[in-house]
Amino acid sequence: MSDSYTSKTRKSKDLYERAKDVLPGGVSYSIRHFEPYPFYTARAKGSKLFDVDGNKYVDFWLGHTALILGHSPPAVVDAVRMQLENGTHYGTSHELEIQLAEQIIKVVPSAEMVRFTNSGTEANMYVTRLARAYTGKSKIAKFEGGWHGGYDALHIGVKYPFDVPESAGLTAGALQDTIILPFNDIEEVRERLKNEEVASITVEPVLGAGGGIPAEKEFLEGLRELCSKKGILLIFDEVITGFRLAPGGGQQYYGVTPDMTVFGKILGGGFPIGAFCGRREIMQRIDTLLYERPHYSFHGGTFAANPISMTAGLTTLKILEDGESINKLNNIGGKIRERLREIFEANGVDVQVTGVGSLFNTHFIKEEVKDPRIVSKSNKKKQINYHLRLIKNGIFFLPTHTGALSTAHSQADIELLYLETEKYAKECKAR
Ligand SMILES: Cc1ncc(COP(=O)(O)O)c(C=O)c1O
């Protein structure tokens with residue numbers, strides 16, 4: 001990979017050398033680094049990224065899967081341009097925040113009230129606090145492989161081995177109240193929680209960073225039943241699945257309604273956002289007109305509900321509302337998973353293609369991938385080499401991460417993915 005990549009990314013290399021001096025690891029988010037160095041993006045449009053050396057990449061990473069309409073979709077750009085003239089940030093109440101909340105409530109089964117944040121991490125942080133405030137319980141539960149952002153109480157059990165802390169600086173106090181559960185194993189979840197009192201169970205309907213692994217419907221139904229029985233709040237982290245699997249997210253797709261939901265990514269229409277929503281009586285614990293300190297659960301933020309993100313998000317959600325684009329993407333996603341499977345199988349390479357709807361990932365392993373423990377046994381080196389090879393040939397997946405589709409992807413983009421995958425599969429076979 002390195003020789004041909006380095007010869008066509010010389011300006012990126014120079015930028016990387018500069019970046020290393022001023023940004024730890026040369027990046028603003030450690031997962032964005034890959035070997036030998038990341039290319040530097042100069043611009044993006046539709047389904048493509050263009051780097052500073054003039055190389056073009058079909059983008060299946062889509063800004064951490066946020067860009068379901070592709071880069072700079074005209075409708076969103078036009079709406080934002082108009083809003084820029086009317087103020088970038090108010091710090092006061094405005095109608096757009098009501099409109100976006102109303103739109104979420106219209107399409108998301110669990111949403112009765114909404115609050116906006118600037119990221120998915122923040123939304124998970126506030127919803128966890130709210131769950132504790134509402135239930136009066138301290139402990140919470142999450143799943144192995146579940147990624148909910150860098151908030152201390154949920155930044156645990158993300159990568160295998162799941163008992164190694166994900167970061168330095170996490171205090172025992174922050175982590176001792178979090179129970180880590182096995183994904184897609186409802187029997188074991190019931191067993192582990194038999195003698196526990198927990199405020200909430202947070203689950204991604206599809207493990208995104210954990211490998212693009214869909215929850216089984218019966219698993220989510222089992223969680224719903226367990227939570228209702230034990231007075232636990234079921235929280236769906238739909239930062240990836242929200243407005244992607246269906247207009248109403250994973251909960252609509254699976255037909256399982258949680259008590260609370262967390263959103264991010266697509267909701268911002270390409271701008272920073274997060275949100276949490278859910279049952280009225282729970283959300284009302286944030287209302288300082290109803291509850292006095294220390295009985296209310298605080299939420300706020302300087303840029304919360306900033307008008308640019310609200311405008312971009314509202315425009316995006318309106319486009320997605322009728323489900324037509326999403327259904328189309330889900331169909332294409334199904335075909336991609338099938339074709340990738342066929343290509344690797346025809347070349348005798350053991351690969352499991354995971355994902356659902358317009359999400360997909362490839363794991364180099366024979367065993368069916370039902371949970372992140374199985375992913376941990378896969379051949380990571382082959383997966384990285386596959387993605388690096390795609391990058392070298394003009395297709396961008398952030399190595400090892402789940403890819404996504406946008407309405408901007410063309411059949412030619414997808415054919416290129418098949419072609420380069422076939423070449424890689426043949427190479428694997430020849431070895
Ligand atoms: C499922 C899930 N939850 C939460 C987050 C954190 O969101 P953010 O990066 O906006 O803080 C992410 C980000 O990748 C995510 O995939």
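Keep in mind that what you see is a predicted model, and the values were worked out from it rather than measured.
- A heavy-atom distance below 4.5 Å is found between the side chains of Leu69 and Leu320.
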Please output the side-chain donor-acceptor pairs of residues 231-242 that fall under 3.5 Å, not counting sequence neighbours, one pair per line with the distance.
from: Asp237; atom 1: OD1; to: Val239; atom 2: N; distance (Å): 3.0
from: Asp237; atom 1: OD2; to: Asn124; atom 2: ND2; distance (Å): 3.1
from: Asp237; atom 1: OD2; to: His148; atom 2: ND1; distance (Å): 2.7
from: Glu238; atom 1: OE1; to: Thr241; atom 2: OG1; distance (Å): 2.6
from: Glu238; atom 1: OE1; to: Gly250; atom 2: N; distance (Å): 2.5
from: Glu238; atom 1: OE2; to: Gly250; atom 2: N; distance (Å): 3.3
from: Glu238; atom 1: OE2; to: Gln251; atom 2: N; distance (Å): 3.0
from: Glu238; atom 1: OE2; to: Gln251; atom 2: NE2; distance (Å): 2.9

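- In this model, a donor atom of one side chain and an acceptor atom of the other lie less than 3.5 Å apart for Asn361 and Gln383.
- Side chain to side chain, Thr6 and Tyr37 fail the donor-acceptor criterion of an N or O pair below 3.5 Å.
- Taking all atoms of both residues into account, the shortest heavy-atom contact from Leu226 to Leu193 is CD2-CD1, 4.0 Å.
- Applying the side chain to side chain contact (heavy atoms under 4.5 Å, CB included) criterion to Val80, with sequence neighbours excluded, gives Val76, Leu84, Phe271, Ile308, Ala312.
- Remark: the Ser228 side chain and the Arg224 side chain contain an N/O donor-acceptor pair separated by less than 3.5 Å.
- Taking the six-membered ring wherever Trp is involved, the centroid distance between the rings of Phe276 and Phe116 does not fall below 6.0 Å.
- Looking at residues two or more places apart in sequence or on another chain, you find a side chain to side chain contact (heavy atoms under 4.5 Å, CB included) between Tyr160 and Phe162, Arg373, Ser376.
- The side-chain heavy atoms of Gln103 and Leu314, taken from C-beta on, include a pair separated by under 4.5 Å.
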Under 3.5 Å, which donor-acceptor pairs do the side chains of residues 202-216 form with other protein atoms, sequence neighbours left out?
from: Glu204; atom 1: OE1; to: Gly208; atom 2: N; distance (Å): 3.0
from: Glu204; atom 1: OE2; to: Trp147; atom 2: N; distance (Å): 2.9

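- Note that Arg43 lies in the cation-pi zone of Phe50, set by a 6.0 Å cut-off to the ring centre and a 45° limit from the axis.
- Taking 4.5 Å as the limit, every side-chain heavy atom of Lys137 sits out of range of all side-chain heavy atoms of Val198.
- Side-chain contact check for Cys277 versus Arg115: every heavy-atom pair is 4.5 Å or farther apart.
- Under the side chain to side chain contact (heavy atoms under 4.5 Å, CB included) criterion, Pro182 pairs with Glu144, Asp185, Glu188, Val189, Arg192, sequence neighbours left out.
- Residues forming a side-chain hydrogen bond (donor to acceptor under 3.5 Å, both in side chains) with Glu85 (at least two apart in sequence, or on another chain): none.
- By the side-chain hydrogen bond (donor to acceptor under 3.5 Å, both in side chains) test, Tyr253 pairs with no residue at all, sequence neighbours left out.
- Take Ser410 and apply the side-chain hydrogen bond (donor to acceptor under 3.5 Å, both in side chains) test, not counting sequence neighbours, and it matches Asp413.
- Remark: Thr117 engages no residue in a side-chain hydrogen bond (donor to acceptor under 3.5 Å, both in side chains) (not counting sequence neighbours).
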Listed pairs under 3.5 Å, donor-acceptor, residues 26-34 side chains, sequence neighbours left out:
from: Arg32; atom 1: NE; to: His64; atom 2: NE2; distance (Å): 3.1
from: Arg32; atom 1: NH2; to: His64; atom 2: NE2; distance (Å): 3.2
from: His33; atom 1: NE2; to: Tyr16; atom 2: OH; distance (Å): 3.1

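- Between His363 atom NE2 and Glu368 atom CD the span is 12.0 Å, to the nearest 0.5 Å.
- Checked by atom type, the side-chain pair Ser110/Thr261 shows a donor-acceptor distance below 3.5 Å.
- Rounding to the nearest 0.5 Å places CD of Glu427 at 9.0 Å from CG of Asn385.
- A search for side chain to side chain contact (heavy atoms under 4.5 Å, CB included) contacts involving Leu417 returns Phe60, Ile336, Leu340, Phe360, Tyr386, Leu390, Ile395, Phe397, Thr421, not counting sequence neighbours.
- Taking Tyr126 as the reference, His299 meet the ring-ring contact (aromatic ring centres under 6.0 Å, His included) condition, with sequence neighbours excluded.
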